[in-house]
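By convention in this document, chain letters (A, B, ...) are assigned in the order of the sequence lines, proteins followed by strands, and residues within each chain are numbered from 1. Note that the coordinates shown come from a computational prediction; the quantities given were computed from them, not determined experimentally.
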Number of protein chains: 2
Amino acid sequence: MIDENLLLNYGAKRVPFSKGDQLFREGESALNFYQVASGEIKMNNYNEDGKEFIQGIFSIGQSFGEPPLLANVKYPANAEAISDAEVFQLSKEQFLELLSSNPKVHLKITETLAKRLYYKAIMVSEISSQEPEHRILRIIDYLKQVDKVDGKFTYRLNLTRQQLADLTGLRVETVIRATKSLEKKGELQIKKRKVYR
Amino acid sequence: MIDENLLLNYGAKRVPFSKGDQLFREGESALNFYQVASGEIKMNNYNEDGKEFIQGIFSIGQSFGEPPLLANVKYPANAEAISDAEVFQLSKEQFLELLSSNPKVHLKITETLAKRLYYKAIMVSEISSQEPEHRILRIIDYLKQVDKVDGKFTYRLNLTRQQLADLTGLRVETVIRATKSLEKKGELQIKKRKVYR
DNA sequence: CCTGTTTTATGATCCCAATCATATTCTCTC
DNA sequence: GAGAGAATATGATTGGGATCATAAAACAGG
């Protein structure tokens with residue numbers, strides 16, 4: 001998380017989005033740095049037959065979409081507001097200026113990327129070779145970790161089974177049956193409609 | 001890729017490993033920065049029933065293992081030499097010193113992480129929701145891209161079907177059948193024993 | 001409280017990659 | 001060029017998640 005005032009000093013704009021709005025689409029050039037000011041943003045892909053895969057869900061204080069900005073490639077996924085939300089938006093030039101003039105911020109960003117890479121590595125191996133129950137527990141761990149902004153939790157982790165399915169690459173029915181089983185074993189707390197832990 | 005002499009100036013050691021040697025193991029603390037000087041290193045996981053998953057294969061000029069160093073977490077995977085190899089090894093302190101005193105190098109590292117994150121994102125979505133043939137083609141694309149060091153190819157991409165299986169989370173037999181099919185369709189070149197493209 | 005929509009639930013069936021078993025081909029070395 | 005080990009090949013079977021179909025429960029909001 002980068003300090004709000006610092007962002008504003010470097011020319012950041014605070015941009016509002018309504019639930020369902022798209023911030024950018026897969027394949028577009030990366031033009032901006034984003035950090036969530038309020039609400040929640042998800043990044044996702046759709047494969048050819050329309051099945052969704054959620055790359056991540058970002059809430060207050062979390063930045064997203066930096067990799068393509070820094071790697072000079074197109075966006076690998078879409079970004080969409082899953083609630084009404086506001087984001088700080090910094091142009092690429094402004095962002096690079098911030099990095100070069102503020103080594104501490106640069107290091108923070110590097111650490112953020114490193115952390116995400118760390119969890120993605122775990123996720124890939126889990127998803128590719130584990131059974132549904134493991135995948136679900138891991139994704140939940142992951143979200144708990146990644147939702148930590150500077151050590152403090154910002155999250156709620158109230159996910160629908162559908163979202164859990166889209167995060168793990170499973171099907172809703174499979175997630176429902178797996179979470180049931182996990183709940184029975186006491187390895188997962190569920191609160192009526194949403195998945196906790 | 002960081003310039004060899006620069007690394008040496010900051011105290012890097014050139015360390016030799018024999019085929020099969022382990023550089024570090026999953027769960028250990030990250031103490032060093034590594035860049036391949038010669039040969040090839042793989043990073044991998046084993047799940048509970050011994051099935052291997054290869055996170056990546058690194059050859060000359062490529063660095064690996066930085067994320068846990070920067071994120072202050074344990075290694076998420078093992079590193080093992082898959083041929084006789086030499087690596088430049090820099091202690092964490094030396095590495096951080098290099099980053100802080102050399103912004104250009106820092107930016108380069110940030111870009112490298114960003115690029116890897118970009119490809120991991122693609123991989124996760126592919127692996128989680130695509131059929132074997134797609135997964136194989138994508139992994140190959142990925143290796144081709146990631147094997148580029150400063151724009152020029154360093155790679156060979158001669159993978160056994162077993163390695164391809166361990167990279168995609170599939171089984172050897174499945175990879176054999178899928179590559180056969182892809183070769184017939186002309187979407188993949190195979191040269192006797194190894195897989196090209 | 002009623003109504004419409006979203007989410008959860010559950011049974012039946014299908015399909016394809018995993019698994020098991022075995023054979024063949026390639027490659028390296030002595 | 002013979003023998004051993006690795007890698008590729010291929011058929012048969014199985015198993016578990018996907019898919020399909022339908023129902024019930026939870027929630028939102030007038």
Side-chain angles (χ1 to χ4, degrees), chain A residues 19-20 42 46-54 82-84 125-140 156-184 188-197, chain B residues 19-20 42 46-54 57 82-84 125-139 156-184 188-197:
Chain A
K19 177 174 178 175
K42 74 175 173 188
Y46 295 96
N47 72 5
E48 44 264 44
D49 34 73
K51 188 186 169 197
E52 180 176 5
F53 180 81
I54 299 181
I82 55 180
S83 69
D84 290 350
S125 101
E126 289 284 329
I127 281 188
S128 75
S129 57
Q130 301 287 21
E131 66 243 38
E133 296 190 8
H134 272 78
R135 288 160 73 161
I136 291 169
L137 290 179
R138 274 308 168 92
I139 262 288
I140 291 175
R156 2 102 277 157
L157 195 65
N158 49 345
L159 297 166
T160 66
R161 317 280 147 129
Q162 183 60 60
Q163 287 175 322
L164 217 39
D166 293 338
L167 280 159
T168 49
L170 299 167
R171 302 267 105 148
V172 212
E173 298 95 324
T174 306
V175 169
I176 287 171
R177 296 188 235 255
T179 50
K180 264 222 155 151
S181 158
L182 285 170
E183 194 192 18
K184 199 161 291 172
L188 189 69
Q189 262 76 61
I190 296 177
K191 202 196 158 196
K192 289 281 164 59
R193 202 66 175 268
K194 299 285 170 84
V195 175
Y196 273 47
R197 195 152 89 122
Chain B
K19 177 175 177 175
K42 74 174 171 187
Y46 294 96
N47 73 3
E48 46 261 43
D49 32 75
K51 189 186 169 194
E52 180 177 4
F53 180 79
I54 300 181
I57 296 181
I82 54 178
S83 69
D84 290 351
S125 98
E126 288 284 327
I127 280 187
S128 75
S129 58
Q130 300 289 16
E131 67 243 35
E133 297 192 6
H134 271 78
R135 288 160 73 161
I136 291 171
L137 290 179
R138 274 307 168 95
I139 262 288
R156 1 101 283 153
L157 196 62
N158 48 346
L159 298 165
T160 66
R161 317 281 147 120
Q162 183 60 62
Q163 287 175 321
L164 218 37
D166 293 339
L167 280 160
T168 49
L170 299 167
R171 302 266 102 151
V172 211
E173 301 94 323
T174 306
V175 170
I176 287 171
R177 296 187 235 257
T179 49
K180 262 220 158 154
S181 157
L182 286 170
E183 195 193 15
K184 197 161 291 172
L188 191 67
Q189 261 77 59
I190 295 177
K191 201 197 160 193
K192 290 279 165 60
R193 202 70 174 267
K194 301 287 170 78
V195 175
Y196 276 46
R197 195 155 88 122

Please tell me which of the listed nucleotides, [options], lies nearest to the side chain of [X]?
X: A/Thr160; options: C/dT8, D/dA7, D/dG17; value: C/dT8
X: B/Glu173; options: C/dC20, C/dA18, D/dA21; value: C/dC20
X: B/Pro132; options: C/dA17, D/dG17, D/dA7; value: C/dA17
X: B/Ile176; options: C/dT10, D/dT10, C/dA18; value: D/dT10

Between [N] atom [atom2] and [X] atom [atom1], what is the distance in whole Å?
X: B/Ile190; N: C/dT25; atom1: CD1; atom2: P; value: 17 Å
X: A/Glu131; N: D/dG17; atom1: CD; atom2: C1'; value: 12 Å
X: B/Leu182; N: D/dA9; atom1: CG; atom2: P; value: 13 Å
X: A/His134; N: D/dG16; atom1: NE2; atom2: P; value: 15 Å
X: A/Arg135; N: D/dA18; atom1: CZ; atom2: C1'; value: 12 Å
X: A/Ile127; N: C/dA17; atom1: CD1; atom2: C1'; value: 18 Å
X: A/Leu170; N: C/dT8; atom1: CG; atom2: C1'; value: 16 Å
X: B/Lys19; N: D/dA6; atom1: NZ; atom2: P; value: 10 Å

Within the pair [X] and [N], is there a side-chain N or O less than 4.0 Å away from OP1 or OP2?
X: B/Thr174; N: C/dA18; value: yes
X: B/Arg161; N: D/dT8; value: yes
X: B/Lys51; N: C/dA18; value: no
X: A/Lys180; N: C/dT8; value: no

If I compare all heavy atoms of A/Lys51 with all of A/Gly169, which pair ends up nearest, and what's the gap? NZ-O, 2.9 Å
With the side chain counted from C-beta on, respond yes when B/Thr174 and B/Thr168 share a heavy-atom pair under 4.5 Å apart, and no when they do not. no
Beyond-backbone contact of B/Arg161 with B/Ile190, side-chain heavy atoms, under 4.5 angstrom: yes
Looking at D/dG16, does its base get a donor-acceptor pair with the side chain of A/Arg177 below 3.5 Å?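 Flag unset: no donor-acceptor pair detected.
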Quick one: salt bridge (Lys or Arg N to Asp or Glu O under 4.0 Å) partners of B/Arg177, sequence neighbours excluded?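 If we apply the salt bridge (Lys or Arg N to Asp or Glu O under 4.0 Å) test to B/Arg177, skipping adjacent residues, there are no hits.
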Judged by atom type as modelled, is there a donor-acceptor pair below 3.5 Å linking the side chain of A/Asp166 to the main-chain atoms of A/Phe53?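 Checked: no pair found.
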